[in-house]
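What follows is one structure encoded as structure tokens, with my remarks underneath.
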Amino acid sequence: MAKNTPQAIRGTQDMLGETAERFQHVVEVFDRVRRLYGFGRVEVPVFEATAVFARSLGETTDVVSKEMYSFEDRGGDSLTLRPEFTAGIARAYLTNGWQQHAPLKVATHGPLFRYERPQKGRFRQFHQLDAEIIGAAEPAADVELLVMADQLLKELGIADGVTLQLNTLGDSATREAWRAALVKHFEAHRGELSDDSQERLARNPLRILDSKDRQDRPIADAAPSIDDVMSDEAAAFFAQVTTGLDAAGAKWERNARLVRGLDYYRHTAFEFVTDRLGTQGTVLGGGRYDGLIEALGGPETPAVGWAAGIERLAMLIGVPRPDPVELVLIPQDSEMQTLATEILAHFRSDQSDGDAIIADMAFSGSPKKRYDKARKSGALRVLNVEQPVGAGGIGNLRIRDLKPVDEYDEQDVVRKRLRTFLSAKFEFVMNDRVFELKARKS
RNA sequence: GCGAUCGUAGCUCAACCGGUUAGAGCACUGGCUUGUGAUGCCAGGGGUUGCGGGUUCAAGUCCCGUCGAUCGCCCCA
């Protein structure tokens with residue numbers, strides 16, 4: 001271990017090989033699905049004025065003061081690395097006049113930063129997929145977002161282990177009534193609650209509902225349901241959401257204890273949850289945040305959105321099988337490297353007859369080592385580039401299959417293209433399957 | 001912020017109740033065999049056992065601290 005090398009920052013990760021491929025696969029599938037649903041790409045800055053996040057998070061001072069990466073820049077302004085996408089997108093919506101595009105359907109993905117203790121599936125720099133519909137008050141927007149999330153998980157092949165838990169927080173009147181009823185209920189059982197939950201009662205009473213403490217469970221389970229205080233309007237909204245999900249074939253499960261801490265959340269709240277990731281089981285979550293844009297000083301603007309942890313999704317999917325290397329060129333020695341480079345460049349760029357070919361070159365070690373390396377890489381074929389025998393030649397080429405041919409390609413475009421290329425550039429003869437390059441055509 | 005477990009070559013790990021030159025596989029380098037070859041053979045480089053202190057005749061092994069990792073609590077926008 002190098003003593004002088006600075007270490008990676010706690011909670012950050014370096015990804016290579018399979019881990020990186022998994023990550024990339026999630027992003028690619030998301031990008032494809034998001035287009036199917038007509039969500040445009042949006043790019044927003046990785047850092048913003050601290051106020052963007054502080055205001056959107058409102059009174060939850062713990063989160064703002066302890067769990068954000070905030071710093072002063074050289075001009076003395078307080079900046080913060082984004083801990084979420086929504087606030088930044090909402091800010092962009094306001095500062096760029098994107099109201100003109102409402103309802104705006106946008107998607108993005110990238111790194112986010114939270115100063116938290118790392119654990120399974122939780123990092124300080126982590127990555128999310130994100131989708132938002134801004135300026136749509138209709139339940140159809142909620143449905144669209146949920147169905148897209150559902151399809152994403154299906155296309156990633158992880159829908160089986162994941163369930164959509166759905167709830168409504170009602171309109172603001174319902175939400176207030178529910179909150180009051182909960183506080184009353186928990187006050188009555190104050191003494192039986194865990195210490196943590198007694199704290200929550202003062203700060204964030206809704207959170208007692210999803211407490212993990214065994215002591216709290218009976219009291220939380222006996223708490224009044226939002227359904228008891230739901231307004232007709234809120235109930236109708238929720239019914240339209242569930243009807244839409246059913247129509248689209250998205251399975252869901254009511255979880256009346258699913259809540260959101262912040263006050264601007266209204267109506268739909270949801271999480272796609274798995275039990276395969278230990279305690280950090282939420283894989284995708286979101287809801288309707290009709291009050292957020294006002295909190296940022298904008299006009300009353302209804303909106304819905306969700307975000308999903310890329311790392312968590314990546315842990316759940318099967319191993320992506322990247323396209324194999326079709327051909328590895330093996331120059332026999334350094335003198336044959338130039339010829340190999342010429343042929344290699346052709347394979348990698350030629351698209352006259354379909355896609356270019358994934359090709360590589362093994363250029364270090366003895367010929368034996370090069371061959372072994374090519375074989376271990378999982379490449380399908382090898383092209384040896386050898387010194388010409390006898391005088392006057394340019395080089396000898398011999399192509400060899402490393403795997404049974406029927407496993408990958410009966411047409412063998414690679415051989416076909418090699419022959420075409422050689423015919424155009426060289427005078428050559430075939431001798432016992434070896435291309436003997438005699439001279440260059442000019 | 002709190003708790004538990006862990007920290008040995010580049011990587012994955014081994015080393016009986018503390019005991020003498022800390023081992024193996026993979027990877028890397030060189031060579032042999034092969035002479036167109038699939039997990040063949042030989043050799044080599046590489047570790048002050050995360051770091052700092054302590055106990056002991058003796059510490060990778062025990063104790064304290066520190067840093068890091070993992071899992072959980074809190075939090076979860």
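Numbers restart at 1 for each chain; the letters A, B, ... are given by sequence-line order, proteins then strands.
In this structure, A:Lys66 places its NZ atom 12 Å from P of B:C76, rounding to the nearest Å. Summarising the geometry, the separation between CD on A:Gln280 and C1' on B:G72 is reported as 9 Å, rounded to the nearest angstrom. Here the C1' atom of nucleotide B:C76 and the CG atom of A:Leu277 are 15 Å apart, to the nearest Å. The CD-C1' distance, from A:Glu199 to B:C74, rounds to 11 Å in whole Å. Atom CE in A:Met68 sits about 14 Å away from atom P in B:C76, given to the nearest Å. The distance between atom CZ of A:Arg398 and atom C1' of B:G37, rounded to the nearest whole Å, is 11 Å. The distance between atom CD of A:Gln128 and atom C1' of B:C76, rounded to the nearest whole Å, is 11 Å. Distance A:Glu116 CD to B:C73 P: 13 Å, rounded to the nearest Å.
At the phosphate of B:C75, neither OP1 nor OP2 sits under 4.0 Å from any side-chain N or O atom of A:Asn204. For A:Arg117, no side-chain nitrogen or oxygen approaches OP1 or OP2 of B:C76 to under 4.0 Å. Distances shorter than 4.0 Å separate some side-chain N or O of A:Gln119 from OP1 or OP2 on B:G72. Remark: A:Lys212 is in phosphate contact with B:C73, judged by side-chain N or O atoms under 4.0 Å from OP1 or OP2. Listed pair A:Arg200 / B:C75 meets the phosphate criterion, a side-chain N or O lying under 4.0 Å from OP1 or OP2.
Judged by closest nucleotide on RNA chain B, A:Tyr371 is the one of A:Arg312 and A:Tyr371 placed further toward the 5' end. Heavy-atom distances to RNA chain B give each of A:Val259 and A:Lys120 a nearest nucleotide, and the one nearer the 5′ end belongs to A:Lys120.
A distance of about 50 Å separates the C1' atoms of B:C71 and B:U33, rounded to the whole Å. Comparing the same atom, C1', in B:G45 and in B:G30 gives a spacing of 10 Å after rounding to whole Å. Taking atom C1' in both B:C26 and B:G46, the straight-line distance is 14 Å, to the nearest Å. Look at the P atom in both B:C16 and B:G52: the space between them is 24 Å, to the nearest Å. Remark: the separation of the P atoms in B:C63 and B:A24 is 29 Å, to the nearest Å. For the P atoms, the distance from B:C75 to B:G10 is 42 Å, rounded to whole Å. For the C1' atoms, the distance linking B:G60 with B:A9 amounts to 14 Å, nearest Å. To the nearest whole angstrom, the two C1' atoms, one in B:A15 and one in B:U49, are 11 Å apart.
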After noting the C-alpha distance and the side-chain angles of A:Arg312 and A:Lys120, does the key distance pass the side-chain contact (heavy atoms from CB on, under 4.5 Å) rule? CA-CA 9 Å; A:Arg312 292 188 191 176; A:Lys120 191 180 184 70; over 6 Å; no
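Using a 4.0 Å heavy-atom distance criterion, A:Gly305 is classed as making no nucleic acid contact. Heavy atoms of A:Glu386 sit under 4.0 angstrom from at least one base atom. Using a 4.0 Å heavy-atom criterion, one finds that A:Arg114 contacts the bases of the nucleic acid, with or without backbone contacts as well. In this structure, A:Tyr265 reaches the sugar-phosphate backbone alone: every heavy-atom distance under 4.0 Å involves primed, P, OP1 or OP2 atoms, never a base. Among the heavy atoms of the strands lying under 4.0 Å from A:Glu67 is at least one base atom, whether or not backbone atoms are also near. A:Gly278 comes within 4.0 angstrom of sugar-phosphate atoms only, judged by non-hydrogen atoms across all strands, and of no base. As judged by a 4.0 angstrom heavy-atom cut-off over every strand, A:Asp372 is placed among residues making no nucleic acid contact.
Counted by atom type alone, A:Arg41 and A:His109 present one or more donor-acceptor pairs between their side chains at under 3.5 Å.
The salt bridge (charged side-chain N to carboxylate O under 4.0 Å, His left out) check on A:Glu342 picks up A:Arg440, with sequence neighbours excluded. Under the salt bridge (charged side-chain N to carboxylate O under 4.0 Å, His left out) criterion, A:Arg375 pairs with no residue at all, not counting sequence neighbours.
A salt bridge links A:Arg260 to A:Glu271: one of the charged nitrogens lies within less than 4.0 Å of a carboxylate oxygen. The pair A:Arg415-A:Asp401 meets the salt-bridge criterion, since a charged nitrogen lies less than 4.0 angstrom from a carboxylate oxygen. Using a 4.0 Å cut-off between charged side-chain N and carboxylate O, A:Lys251 and A:Asp150 make no salt bridge.
For residues 190-201 of chain A, the salt bridge (charged side-chain N to carboxylate O under 4.0 Å, His left out) pairs, not counting sequence neighbours, are A:Glu187-A:Arg190. Residue pairs meeting the ring pair (Phe, Tyr, Trp, His ring centres under 6.0 Å) criterion with at least one member in residues 359-404 of chain A: none, sequence neighbours excluded.
Consecutive Watson-Crick or G-U pairs involving RNA chain B, each under 3.5 Å on both distances, make up stems of three or more pairs at B:1-7 with B:67-73, B:10-13 with B:23-26, B:28-32 with B:40-44, B:50-54 with B:62-66.
Side-chain proximity of A:Arg122 to B:G68, B:C76, B:U36: nearest is B:C76.
Among A:Arg82, A:Arg55, A:Arg91, the one residue that satisfies the salt bridge (charged side-chain N to carboxylate O under 4.0 Å, His left out) test with A:Glu48 is A:Arg91.
More than 12 heavy atoms of other shown residues, nucleotides or ligands fall within 6.0 angstrom of atom CZ in A:Phe426. Heavy-atom contacts from other residues, nucleotides or ligands closer than 6.0 Å to CG of A:Asp73 number more than 12.
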Do any N or O atoms of the protein come closer than 3.5 Å to N or O atoms of nucleotides 29-33 of chain B, and which pairs are they?
none

